[in-house]
Amino acid sequence: MSVRFRGEKAELIDLPGAYTLEPTSRAEEVATRMLQEADLVINVVDATNLERNLNLTLHLIERGKPLVVALNMWDDARHRGIKIDNKKLQKLLGVPVIPTVGLTGEGVKELVLSLGRATSREAISRTKEERWSQIGEIIRECQSLTHRHHTLLETVGDFTVKPLTGLPIALVVVYFTFKAIRYMGEGLIGHLFDPLFERFWAPLMMNLSSLLGSSGFLHDVLVGKLISGEIDFVQSFGLLTTGLYVPIAMVLPYVLSFYLVLGILEDLGYLPRLAILVDSLMHKVGLHGFASIPMILGIGCNVPGALATRVLETTRERFIAATLMAIAVPCTAQIAMIIGMLGDQPLYLTAVFGSLFLAWIGLGVLLNKVLKGESPEIFVEISPYRIPYWNTVVKKLWMRVREFLSSAIPMVLLGVLFMNILYSLGIVNWIAVVTAPVITGLLGLPREAVSALIIGFLRKDVAVGMLVPLNLSAGQLVVACVVLAMYFPCVATFVVLIRELGIKGMFKSTLIMLFSALGAGTILNLIF
Amino acid sequence: MSDKEVVSLLHMKSGSRGQVVEITGGIGFQSHLDSLGIRRGKIVQKLAAHPLRGPIVIELDGTRIAIGRRMANRILLKELGANRT
C-alpha cells in the first residue's frame with residue numbers, strides 16, 4: 001500500500017504474523033526476507049502477551065533497523081489486569097513504544113508521529129539465553145498483573161476446546177453457518193437481485209434487442225439469443241444479460257453472505273478452535289488441523305485459499321493442501337450456481353458435495369501414503385474470543401466483496417465474449433467432435449457439454465450456468481458439476497498455484513486433477 | 001508433593017498443572033516451542049486431550065495453545081497438582 005510520509009511517497013507493507021526471525025513456516029520466511037528490505041519497521045506487539053512478543057522485538061532491535069513498537073490491544077490488556085509501564089519499556093528497549101488500540105484507532109496518530117524518532121542503531125548479536133533473560137528482566141520491571149477471575153468468554157472458550165463439549169458445539173456452529181449463508185443468499189436473490197433484473201433490466205434489454213434488430217452478431221454478443229422471444233438471463237448468453245446476471249444476481253448474494261459469516265467467525269476467534277477439532281481428521285490426509293484454514297478460505301474463493309497454504313510448514317503439506325483444495329473445494333461462486341441448478345433436488349445436491357468430500361478424503365489418504373515424508377503436528381496459539389467489532393467486520397466484508405466484483409465481473413464478461421466468438425467461428429463444434437469419446441463415452445454427457453469445460457478455465461460459475469440449455473437429467477448434472485469442480489482450477493487460482501507450488505509441483509498437481517476428475521466422472525456416470 | 005514426579009505433557013492428567021523441567025529434542029525443536037513461550041521453568045496447565053490422537057490443549061501465561069501428541073510427549077513436567085481457579 002502506498003502512503004505519504006513527511007511529504008514523500010512510502011510503501012507500507014503488512015507482513016505475515018511472525019513470532020521469531022528464525023522462520024518456522026513459509027509465512028515467517030517471507031516476513032524475514034521482506035524485513036531486510038525495509039527502511040523502517042513498525043513492530044505491532046500484542047500487549048496482552050508482552051513476554052512472548054518481546055522475543056521478536058528483541059530480534060528486530062538486534063538487526064539495528066529504525067524501529068517503532070506499537071503496544072497494541074492496550075485496552076484489552078488493561079481489562080485483563082495487565083499493567084504495562086510503557087515509558088519504562090521505551091527506556092529499556094531504546095526505541096519508541098506507543099500504546100495503541102487497533103480497533104478504534106486510538107494511538108495511531110501518536111504512532112505516526114513517533115516514526116520520526118526512529119533511528120538506526122548498531123546491529124548487535126545475542127544468544128537465545130541472553131535474549132530470554134533480558135525479556136524476563138524487562139517483564140519484571142515493566143509489567144504487573146492483578147489477579148482476576150476467568151471472564152465469561154474464557155469459560156465459554158474452554159468449552160469449545162474440550163472434545164466432549166467442543167465437538168457438539170462445532171457441529172451446531174457449522175450447521176447454522178451453512179443455514180445462515182443459504183438463507184441470506186436465497187433471500188437476497190429472491191427479494192432483491194432477481195426482481196431488480198426481471199423488472200428493470202429485462203425491459204431495457206428487450207428495447208435494446210429490438211433496436212439491434214433481434215438478431216445478428218452484435219445483438220448476440222450484447223443481448224444474446226432470445227429464448228422463445230424472451231430474454232433468459234441464464235441461457236441467452238449475452239454480455240449485458242448473462243454476463244451481468246451470473247456474477248451479480250446469482251453469485252454475489254452468496255459471496256456477500258459467506259464472507260459476512262466467515263468474517264464474524266474469524267473476528268470472534270472461532271477458526272483456530274475448529275482447527276483443533278478437525279486435527280485428527282486432517283492427519284489422515286497428511287495435514288494437521290491448521291490446514292483447515294486454507295480449505296475454509298477456499299470455499300470463499302480458491303485464490304485466497306491457495307495463498308493461505310503458506311501457513312503450513314513443509315512443501316509436502318503445501319502440495320497436499322493446495323491440490324486437495326483445488327480439486328475438492330468448490331468456491332462460493334460455483335456452489336451458488338450448483339445450488340441454483342440442483343437446489344430443489346436435495347438428494348442430487350447431496351450427491352455432488354458428497355462425491356467431492358469422498359474425493360477429498362480418498363485422494364488425501366492416497367497422497368499421504370504415496371508422498372514421502374512425515375507430516376508435522378499442530379502447534380498453534382488459540383487466541384482468546386473477542387466480541388467482533390462491527391466496524392471491522394463490515395470493512396473486511398466490503399474489501400472482500402470489492403475484490404470479488406473487480407476480478408469476477410471482467411472475467412465473466414471476458415468468458416462470455418470469448419465463448420460467443422468461439423461459437424461463431426465454429427471452434428466449439430470442432431472441439432466437441434474431437435472430445436466426444438471422453439465427454440459422451442466416459443462421462444455420459446452430450447458433446448455440447450464441452451463448452452462448459454472450456455469456459456471453466458476462465459470462470460467456474462459461468463461454466464455451471466452453461467449446463468442449463470443442455471437439458472441434462474439430474475444425474476448428468478451431478479456428473480457435470482463434479483467434473484467441473486475437479487478437472488482444473490480457474491485461471492486465477494492456476495496462476496497463484498504455479499507461484500506457490502512451482503511449475504513442477506503444479507504439473508504434478510494438474511495431472512492428479514485431470515485423472516481424478518475423469519475417474520470420479522466415470523464412476524458417477526455408472527451410478528446415475 | 002515429591003520432586004521426582006516427572007511426567008510428559010502427553011501423559012499428565014487433564015486439569016493438572018506442571019512445571020517444565022526438560023524438553024527433549026534438538027535446538028530446532030526447542031526454539032520452535034520457544035516461539036510460543038514454552039521453555040524450562042514455565043508452568044502449564046493441561047486443559048484437554050483430544051481423542052483419536054488429536055492435539056493437547058494447554059494454558060500458559062493466560063493463553064491457550066494446541067500442541068500435537070508427539071511434541072507433547074517430548075515435554076517433561078514436574079506435576080504440581082490441579083489448579084484451584
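Letters A, B, ... mirror the listed sequences (proteins, then strands); counts begin at 1. Hydrogens, waters and symmetry mates play no part in the numbers below; they use all other heavy atoms, side chains included. Keep in mind it's a predicted model, so treat the numbers as computed, not measured.
The minimum heavy-atom distance between B:His32 and A:Phe379, with the atom names listed, is O-CE2, 3.2 Å. For A:Pro163 against B:Ala49, the heavy-atom pair with the smallest separation is CG-O, 3.6 Å.
Looking at B:Arg69, the atoms closer than 4.5 Å to chain A (heavy atoms on both sides) sit in the backbone and in the side chain alike. Contacts between A:Ser375 and chain B at a heavy-atom distance below 4.5 Å involve the backbone alone (N, CA, C, O). Using a 4.5 Å cut-off between heavy atoms, A:Pro272 makes no contact with chain B at all. B:Ile38 touches chain A through its side chain: at least one heavy atom from C-beta onward sits under 4.5 Å away, while N, CA, C and O do not. Contact annotation for A:Glu51: only side-chain heavy atoms (C-beta onward) come within less than 4.5 Å of a heavy atom of chain B.
For the atom pair CG of B:Leu52 and NZ of A:Lys284, the computed distance is 6.5 Å after rounding to the nearest 0.5 Å. Expressed to the nearest 0.5 Å, how far CZ of B:Arg70 lies from CD of A:Glu377 amounts to 4.0 Å. Between A:Ile378 atom CD1 and B:Ile67 atom CD1 the span is 10.5 Å, to the nearest 0.5 Å. Between B:Arg53 atom CZ and A:Asp279 atom CG the span is 10.5 Å, to the nearest 0.5 Å. Summarising the geometry, atom CH2 belonging to A:Trp132 is positioned 4.0 Å from atom CZ belonging to B:Arg39; distances are rounded to the nearest 0.5 Å. Annotation: the span from A:Ile382 atom CD1 to B:Ile65 atom CD1 amounts to 8.0 Å, rounded to 0.5 Å.
Checked against salt bridge (Lys or Arg N to Asp or Glu O under 4.0 Å), B:Arg40 has no partners two or more places apart in sequence or in another chain.
Between chain B and the residues A:Val161, A:Val278, A:Asn55, the most heavy-atom pairs under 4.5 angstrom are made by A:Val161. For chain A, the option among B:Ala66, B:Gly37, B:Ser35, B:Gly68 with the highest count of heavy-atom pairs below 4.5 Å is B:Ala66.
Applying the 6.0 Å contact sphere to NZ of A:Lys128 captures more than 12 heavy atoms from other residues, nucleotides or ligands. Applying the 6.0 Å contact sphere to CZ of A:Phe159 captures no more than 12 heavy atoms from other residues, nucleotides or ligands.
Within the 4.5 Å cutoff, the side chain of B:Val57 has no heavy atoms near those of the A:Lys162 side chain.
Counted by atom type alone, B:Thr63 and A:Arg52 present one or more donor-acceptor pairs between their side chains at under 3.5 Å.
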